[in-house]
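What's counted below: heavy atoms across the whole structure, side chains too, no hydrogens, waters or symmetry copies. The model shown is predicted, which means the values in this text are computed figures rather than measured ones. Every chain is numbered from 1 and lettered A, B, ... according to where its sequence line falls, protein lines coming before strand lines.
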2 protein chains.
Amino acid sequence: MKPLVHPTLRDITVEGILHALSDPVRVAIYADIVGSDCSQTCSNFVNIVDKPVPKSTLSVHFKALRQAGLIRGERRGVEMYNVSRCSEIDGRFPGLIAAIVKAHNIQSEETRTPKVKPGSLKKRRLER
Amino acid sequence: MKPLVHPTLRDITVEGILHALSDPVRVAIYADIVGSDCSQTCSNFVNIVDKPVPKSTLSVHFKALRQAGLIRGERRGVEMYNVSRCSEIDGRFPGLIAAIVKAHNIQSEETRTPKVKPGSLKKRRLER
DNA sequence: TTCAATAGTTCATAACTATTGAACTAAGGA
DNA sequence: TCCTTAGTTCAATAGTTATGAACTATTGAA
């Protein structure tokens, strides 16, 4: 099986990070990985949003997060464990990851307990 | 001519912001608008990156920034003036915009004065 | 060693999104 | 009025993404 590729810190770009996290599924996965203190397998995230994410799609999302330099993946047997590279990234772009994850959490919290009357938002965020 | 549409603060999403700023031309335009104290017309940005940006493309990019809620545009005669909505956004997602613009500036600075051997970077950013 | 189960990847294709030249609109002069 | 300038829209094309189906790789059990 092909070895996993991870960009060096220098090859990580702001645009790449923002693009990777501009997808609702990927930002949810990433916020979860950043917030957890142990590494996580792909299939933990099948139900990260309301609708189950197909495993081929999950695989593509994890590849996108790896290639953006946001996570590091390691195969262990049949599974793959993923950890965040946020402390590395923080050395180069201080505060960036924290601000994005915080904003994501604020938004998720709003969606979970909306201040406006439920259903009045045109596009509810977790729908696809 | 069609009136400009701007989302309300509530309708702005983190994903929308990240997507809008995941394009190298748009993030450069936006960082410039945030960093300047007066409003800016579209055509000021034709040479924001090394290669001139066609005006139809610029128009689409400004529409994307407006629809993401990042800027507010106002037609004045034949021109359009644009200002950042960062203080509004900061009320909802504190520190997000500042962190992204700062990271963009760090990256631009690195590219302008590379630590690695000159010429080894694919895309050098020209100064304006 | 063979089989089955499990985790993840690859491929093909369909659906979507982005770029841009050309034609257009609208405003402000001369 | 006609010209110029600023920006928009359209249409063609190029590029990207999502996902079911088929695949590989690893593990454990029989």
Q: Which is more 5' along DNA chain D, the nucleotide nearest A/Val78 or the one nearest A/Asp23? Just name the residue.
A: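 Whichever sits nearer the 5' end wins; that is A/Asp23.
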Q: Side chain to side chain donor-acceptor pair (under 3.5 Å) between A/Arg66 and A/His6: does it pass, once the steps are laid out?
A: CA-CA 6 Å; A/Arg66 278 199 311 274; A/His6 296 97; 4.6 Å; no
Q: Output the rounded distance in Å from CG (A/Leu4) to P (D/dA25).
A: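 After rounding, the gap between these two atoms is 14 Å.
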Q: Using heavy-atom distances to pick each residue's nearest nucleotide on DNA chain D, tell me which of B/Thr41 and A/His19 is more 5'.
A: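 Its nucleotide being nearer the 5' end, the pick is B/Thr41.
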Q: So which nucleotide does C/dA5 pair with, by the Watson-Crick or G-U wobble rule with both distances under 3.5 Å?
A: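 Paired with C/dA5, as far as the under-3.5 Å criterion goes, is D/dT26.
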Q: Under a 4.0 Å threshold between the charged nitrogen and the carboxylate oxygen, would B/Glu88 count as salt-bridged to B/Arg85?
A: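 Yes, B/Arg85 and B/Glu88 are salt-bridged.
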Q: Nearest whole angstrom, please: distance from the C1' of C/dA18 to the CD of A/Glu15.
A: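 Computing the A/Glu15:CD to C/dA18:C1' distance gives 16 Å.
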Q: From CD of B/Glu79 over to P of D/dA6, roughly how many Å is that when rounded to an integer?
A: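 So the CD-P distance, B/Glu79 to D/dA6, works out to 6 Å.
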Q: Can you work out whether B/Arg76 or A/Arg75 has the more 5'-proximal nearest nucleotide on DNA chain C?
A: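 Upstream on the strand: A/Arg75.
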Q: Please state whether the phosphate of C/dT20, meaning OP1 or OP2, lies under 4.0 angstrom from any side-chain nitrogen or oxygen of B/Lys51.
A: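 Yes, such a contact exists.
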Q: Taking only heavy atoms on the protein side, list every residue of residues 54-68 of chain A lying under 4.0 Å from any atom of DNA chain D, sorted numerically.
A: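 Within this stretch, A/Pro54, A/Ser56, A/Thr57, A/Val60, A/His61 sit under 4.0 Å of the strand.
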Q: Measure the distance from CD on B/Glu74 to C1' on C/dA26 and round it to the nearest whole Å.
A: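 In whole Å, C/dA26 C1' and B/Glu74 CD are 16 Å from each other.
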Q: Rounded to the nearest 0.5 Å, what separates atom CD1 in B/Ile97 from atom CG in B/Leu70?
A: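 Those atoms lie 5.5 Å apart.
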Q: Before you tell me yes or no, could you show the steps for A/Thr41 and A/Asn44 under side chain to side chain donor-acceptor pair (under 3.5 Å), namely the whole-Å CA-CA distance, both residues' side-chain angles and the distance that decides it to 0.1 Å?
A: CA-CA 6 Å; A/Thr41 66; A/Asn44 283 355; 3.1 Å; yes
Q: Within the distance-only criterion (no hydrogens, no angle test), does the side chain of A/Arg26 pair as donor or acceptor with the backbone N or O of A/Ala20 below 3.5 angstrom?
A: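 Such a contact is found between A/Arg26 side chain and A/Ala20 backbone.
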Q: In this structure, how many angstroms lie between the C1' atom of D/dG7 and the CD1 atom of B/Ile29, rounded?
A: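 Atom-to-atom, B/Ile29 to D/dG7, this comes out as 13 Å.
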Q: So which heavy atom on B/Ile100 is nearest to which on B/Ile17, and how close?
A: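 Where B/Ile100 meets B/Ile17 most closely, the heavy atoms are CD1-CG2, 4.5 Å.
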Q: Distance-only, no hydrogens or angles: does the A/Ser108 side chain make a donor-acceptor pair with backbone N or O of A/His104 under 3.5 Å?
A: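 It does hold such a pair.
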Q: Do the side-chain N or O atoms of A/Lys2 get closer than 4.0 angstrom to the phosphate oxygens (OP1, OP2) of C/dT10?
A: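 Result: yes.
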